Number of protein chains: 2
Amino acid sequence: MATDGIPNEKVRDALRAAHLYYLQDLTMEAIASELHTSRSSVSRLLGFARDIGLVEIQVKSPADRISSVQDRIHEQHGVNAYVVPVPDSTAEVDRLERVAMSAARILGPFFDSNMTMGIAWGSTLSAVSRHLQDKVTHNSQIVQLNGASNAQTTGIGYASEIMSRFGRAFGAYVQQFPVPAFFDDPRTKEVLWRERSIRRVLEIQKRMDIALFGLGSALADVPSHVYVGGYLDEADFEQLRHSEVVGDVATVFYRADGSSDDIPMNARSSGPSLSLLSKVSRRVCVVSGRSKLPALRGALAAGVMTDLIIDEATAHSLLDG
Amino acid sequence: MATDGIPNEKVRDALRAAHLYYLQDLTMEAIASELHTSRSSVSRLLGFARDIGLVEIQVKSPADRISSVQDRIHEQHGVNAYVVPVPDSTAEVDRLERVAMSAARILGPFFDSNMTMGIAWGSTLSAVSRHLQDKVTHNSQIVQLNGASNAQTTGIGYASEIMSRFGRAFGAYVQQFPVPAFFDDPRTKEVLWRERSIRRVLEIQKRMDIALFGLGSALADVPSHVYVGGYLDEADFEQLRHSEVVGDVATVFYRADGSSDDIPMNARSSGPSLSLLSKVSRRVCVVSGRSKLPALRGALAAGVMTDLIIDEATAHSLLDG
DNA sequence: AGAGCGTCTGCACATATGTGCATTCGACTT
DNA sequence: AAGTCGAATGCACATATGTGCAGACGCTCT
């Protein structure tokens, strides 16, 4: 069942309240008397209705796009841009939070029944997962794009929490990917990739309709989760520097020109190769913060995304540079 | 221009405010400081944003339809039903008002650029027109379905006000139909229908993508606008009674079984014949109040509508009877 | 029956939002 | 330059909405 343990009656009331409030502009007071309950209950009921996704609010830019920034990004880089307004003064953390919230809202309409969405993991995705609006879908699934365990931990807690938040929000089946983020030996990966249990996941990945990911910025001042979680050692870093890596998508690395060939680390990565990724019809990238700029430029050069959700300041920098 | 005399800057701010408020859940206070203005201005800005249709709020019934009423109506009568929740105790006038408000909201998504919508006129349509949400469309038009003038007045004020409200809300071109609601002599109609200026309108009607109308209930306790506005005289009423008429759509009459042949009054009516109307792909009917029930049954029998927007009580009566 | 537990309710209060009004600002007229 | 008008602003107040809390209610378990 999609409607877990929630009494059907409550949903019915919530639906009715939402209808009266949002479609008929009644005040909560009026709705309360109509439902024979107190105003405060109505307030809570409406909150519930929003939570379970009975109410969808869209903000549409008028046909004559105000935010020409989005258009210019589209022209220059061929991706659909969603520029999230955030004042420059905002702290980096808040900025990510706000971009993530918008991303979660934008994502809603993208995902629907009978679809498969692949998601990476990291601080960006974690933030997005915390702001997802519920939306009922059927026969849909969420699949993890790259492994999360490392020498220290299984990484289960972090990555799988992201996964399950997505699964819960959409009522989708969640397919974990229980492999390490990076293998010590590329041959291990090759062997493991032949296992049926793994191939099943790889097959699902291959059929996904949407991919959702943030960007890792290898050597930026604000290192991404992959770079501080004990996934890589000093030798690995040295190797990345030597390969002139500027960023990664789902633990697959690339250079400033978008190329990702002959980067030894990729043979050890559990993530989907960029060429495989680019077969997905919709590839949504969420970026927040100027420190991601080099990684973003590389990712754009690689043509890794079709849709970009980005904060205002970084969007401007992207165009200025 | 679609964006009349509104300074572009205001729209930009409104869009930004809407984004921050609806998509990032900021408080108006926070938005005010971000836009360097006062909280009250933000409140007004958001109101403006809603007015010009930057914000769209949808209430979606979950897949497992709560309101089985809609489904049952669909099964029994083959039309898409939208049941508007209204308590039974509500006065007839308020009821119409609330149904109209919901209708206006439901209508929004139906109409888009490059479309033509034909509309009737009457108290129901008038109410709907007063609650329309703005929506920017291009190359779209609104066409009047039936004439509005009578022996006393040209009817211009009333009908054309409805028309122009629709036109304004959608930024659509408005095509009036400057003929009497009923001709005294059917031959006058025949002759006039050959005039090029009239044929032009008839051509537009023929190509419309949506038709929107209420129902007239001929002999009900609450007579419709047509029946009190001096459009018909006592002889006409007698004739209608004799023809066993139960209602009308855009001044075209029909019987309880849905038939409309051999009703003399129809030869004098300026409205589109039911057979012509039924060629329109989407035909939306708005009904409020139990007194419309006989007219509604007849209209359903005639298969005149594809979508029905109706108040709860009347919907129940429809199923019960 | 009665204790234990979690959920739901309405109250009272804390916040957040809407709006009349007087004032200011700018564009345009005389 | 002064005058006129309308739009835009912020203040103060009126409404509307959100939420902590204590009590009520309906369970289960003993």
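What's counted below: heavy atoms across the whole structure, side chains too, no hydrogens, waters or symmetry copies. In what follows, every chain begins at residue 1, and chains take the letters A, B, ... in the order their sequences are listed. Please read all numbers here as calculations on a predicted model, not as lab measurements.
If you measure from atom CG of L45(A) to atom P of dG10(C), you get 11 Å, rounded to the nearest angstrom. Taking atom CE of residue M28(B) and atom P of nucleotide dA16(C), one finds them 11 Å apart after rounding to whole Å. In this entry the distance linking OH of Y22(A) with P of dT17(D) reads 10 Å, nearest Å. Between the C1' atom of dG18(C) and the CD1 atom of I31(B) lies a distance of 15 Å, rounded to the nearest Å. One interatomic measurement links the two molecules: CG of L35(B) to P of dA8(D), which rounds to 15 Å at whole-angstrom precision. Rounding to whole angstrom units, CZ of residue R39(B) and P of dT15(C) are separated by 14 Å. Summarising the geometry, the separation between CG on L46(B) and C1' on dG18(C) is reported as 11 Å, rounded to the nearest angstrom. Rounded to an integer number of Å, the gap from D25(B) CG to dT17(C) C1' is 15 Å.
Residue T37(A) places no side-chain N or O under 4.0 Å from the OP1 or OP2 atom of dT9(C). Applying the 4.0 Å criterion to OP1 and OP2 of dG10(D), one finds that S41(B) has a side-chain N or O inside that range. Residue R44(B) has no polar side-chain atom (N or O) positioned under 4.0 Å from OP1 or OP2 of dC11(D). Contact check, Y21(B) against dA16(C): no side-chain N or O comes under 4.0 Å of OP1 or OP2.
Tested against L45(B) for a side chain to side chain contact (heavy atoms under 4.5 Å, CB included), the candidates L15(B), L35(B), T37(B), I31(B) yield a single pass: L35(B).
Contacts of S43(A) with the nucleic acid, taken as non-hydrogen atoms under 4.0 Å apart, include base atoms. Looking at heavy-atom distances under 4.0 Å, S40(B) makes contact with a base.
Residues R98(A) and E34(B) are paired through a salt bridge, judged by an N-O separation under 4.0 Å between the basic side chain and the carboxylate. For the pair E56(B) and R50(B), the salt-bridge criterion is not met [side-chain N within less than 4.0 Å of a carboxylate O]. Using a cutoff of 4.0 Å between basic side-chain nitrogens and carboxylate oxygens, K135(A) and D112(A) are scored as salt-bridged.
Contact annotation: the side chain of S288(A) never approaches that of I310(A) to less than 4.5 Å [non-hydrogen atoms, C-beta and beyond].
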